[in-house]
Amino acid sequence: MIKKLIKRVFGKSAKVKSVGAAQVIPFEAHAVDRDGISFGARRVTDGLQAAGFQAYVVGGAVRDLLLNKHPKDFDVATNATPEEVRRVFRRARIIGRRFRLVHVIFGEETVEVSTFRRAIDAEDAQTDEHGRILRDNEFGDQEQDAARRDFTANALFYDPSTQEIFDYHNGYGDIRANTLRMIGDPEVRYREDPVRMLRAVRLSAKLGMKLDPATAAPIAKLKELLSNVPEARLFDEMLKLLLSGHAMECIKKLHEMELHHGMLPMLDVILEQPMGEKFVMSALQNTDQRIADEKPTSPAFLFAALLWHEVLATWKLKQDAGEKAVAVLHFAMDEVLERQRAQLAIPRRYDTVMKELWVLQPRFEQRSGQRPLRLLALPRFRAAFDFMLLRCQSGEADVELGEWWEEFQHANDDRRAAMLMPDTGAPKKRRRRSKKSTSSAVQSELPID
Ligand code: ATP
Ligand code: MG
């Protein structure tokens, strides 16, 4: 079918050959130029081919080039073993214990090289009781390597030297039809690796591809299987999703497919409260925008934002119980982080930054004496200020507070002196633009420093 289509569109010059089970799509048909391949990936495929091996650019990069998107990175697949790959390149090291991959380094660029692998037959695969594959690192050939990949669009091999694409599962046709389709029986493939359900959501949102109905159908029934996935893997996938540049769309889709349950408790709870939802959505939109602008993003900032309303609620409960505000903020933070860890393991290395961002929030309320200057001088001021602006945008903090700090940080000394509020020593009432939109927890004046 693809042959006919290509002949019709491109005439006789664009011949689709079959090599074994693969359709070979010529450059004239797909128009992916080798100049679109990164320097490092090109060096790797050239080097391996010169040494007598097969080597192709594979996976997400080929898919993205066909979709006219900028690939995030370039992976190479080869029939050379990791040791053979390492011998060809000067700066190469073998990584990973389960899947042994080779990283070949060219200055800033690292190219990941994997040896063709095969999926292990159901009989000899090690699986858990739900069918999840625990071991699948047997080497194989190109055709087998295509079959063990997830979606047809992710199973294309591009040879930069001939500019041909090898396609075993009609991935080329599916990309042209904007369809994300699971290779093989979707239910079996989700059981083998439930993370594929999240990948289906993330890739379809990120690439604007529709999920093939048969690929989408089993998700509703199998979503519970995500609870068997090791926490660190789930966290990695969640991070990819949140930092995909299309987090808003991804979260919406997760919600629609009810895949968010049990992963981020705040998504269950918060998306149901209007203020929380607004805040989370502003944070995600802000992250998406930063990625579109090629600005750096910080996972700690994002997770701090996602958990903020949990912290607020817990903090408020403790204050209502009559405890002192500053001290209980720390307890509230620890409690929320522990609760979260039971669901989705946010690594502890993010804790310090997250806590700092939270703890600095009440300090924006303090606008007299030396306090604003001290806050301004902190290395984390900029991030904390951005965080506070999100709170203003969502209506949880006063818009006027954000405006005051925006002006104060850029003002000269005279203007700053004029802007400072009188220091009466006692907690004072501030002018509020909208009573409804302020949270009593954050509005309280806290002698934090
Ligand atoms: P991205 O653009 O987000 O990097 P990607 O498709 O390249 O998307 P990677 O995680 O980099 O995603 O994976 C590289 C390739 O490995 C995929 O294109 C796919 O062929 C294969 N792959 C990744 N994860 C799985 C999985 N869970 N099951 C089967 N194949 C997978
Ligand atoms: Mg990739």
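Since we're looking at a predicted model, the values are computed, not measured. Positions are given from 1 along the sequence.
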First locate atom NZ of K206, then atom NZ of K72, and finally report the distance between them rounded to the nearest 0.5 Å.
->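 That separation rounds to 4.5 Å.
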Distance, nearest 0.5 Å, that separates CG of L357 from CZ of F301 |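 That separation rounds to 6.5 Å.
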Does the separation of the ring centres of F53 and F116 fall below 6.0 angstrom?
->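 Ring centres of F116 and F53 not closer than 6.0 Å.
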Is the F387 to F279 ring centre distance short of 6.0 Å?
->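 Ring-ring flag for F387/F279: true, centres closer than 6.0 Å.
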Between [X] and [Y], is any pair of side-chain heavy atoms under 4.5 Å apart?
X	Y	value
F364	L375	yes
L312	K316	no
F99	P82	no
T352	K355	no
L65	F74	yes
E164	K17	yes
L254	M238	yes
L329	V311	yes

With no hydrogens and no angle check, is any side-chain donor or acceptor of [X] less than 3.5 Å from a backbone partner on [Y]?
X	Y	result
T179	R181	no
Y190	L225	no
D167	H169	yes
Q144	D141	yes
T115	A80	yes

What I want to find out is whether [X] reaches [Y] closely enough, with some N-O distance under 4.0 Å, to be called a salt bridge.
X	Y	result
E138	R148	no
R196	D150	no
R34	D46	no
E256	K252	no
E192	R189	yes
D145	R149	yes

Have a look at [X] and tell me which of [options] forms a side-chain contact (heavy atoms from CB on, under 4.5 Å) with it.
X	options	result
F151	I183, L203, D212	L203
P218	K223, E187, R191	E187
F89	V44, V102, I105, V111	V44

Count the heavy atoms belonging to other residues, nucleotides or ligands that lie under 6.0 Å from CZ of F27, then report whether that count exceeds 12.
->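 Yes.
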On the 0 to 90° scale, with breaks at 30° and 60°, tag the F235-Y350 ring pair as parallel, tilted or perpendicular.
->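 Rings of F235 and Y350: tilted, as their planes differ by 30° to 60°.
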Ring geometry between W405 and F381 (parallel below 30°, tilted from 30 to 60°, perpendicular above 60°) =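 Correct class here is tilted.
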Establish, for the pair R367 and F408, whether the NZ or CZ atom is under 6.0 angstrom from the six-membered ring centre and no further than 45 degrees off its axis.
->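 Here R367 fails the 6.0 Å and 45° test against F408.
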Under the side chain to side chain donor-acceptor pair (under 3.5 Å) rule, what pairs show up with a residue in residues 283-305, not counting sequence neighbours?
->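 Qualifying pairs: Q289-D293.
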Does the side chain of W308 come under 3.5 Å of the side chain of Q361 through a donor N or O and an acceptor N or O?
->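 No, because no side-chain N or O of W308 sits under 3.5 Å from a partner of the opposite role on Q361.
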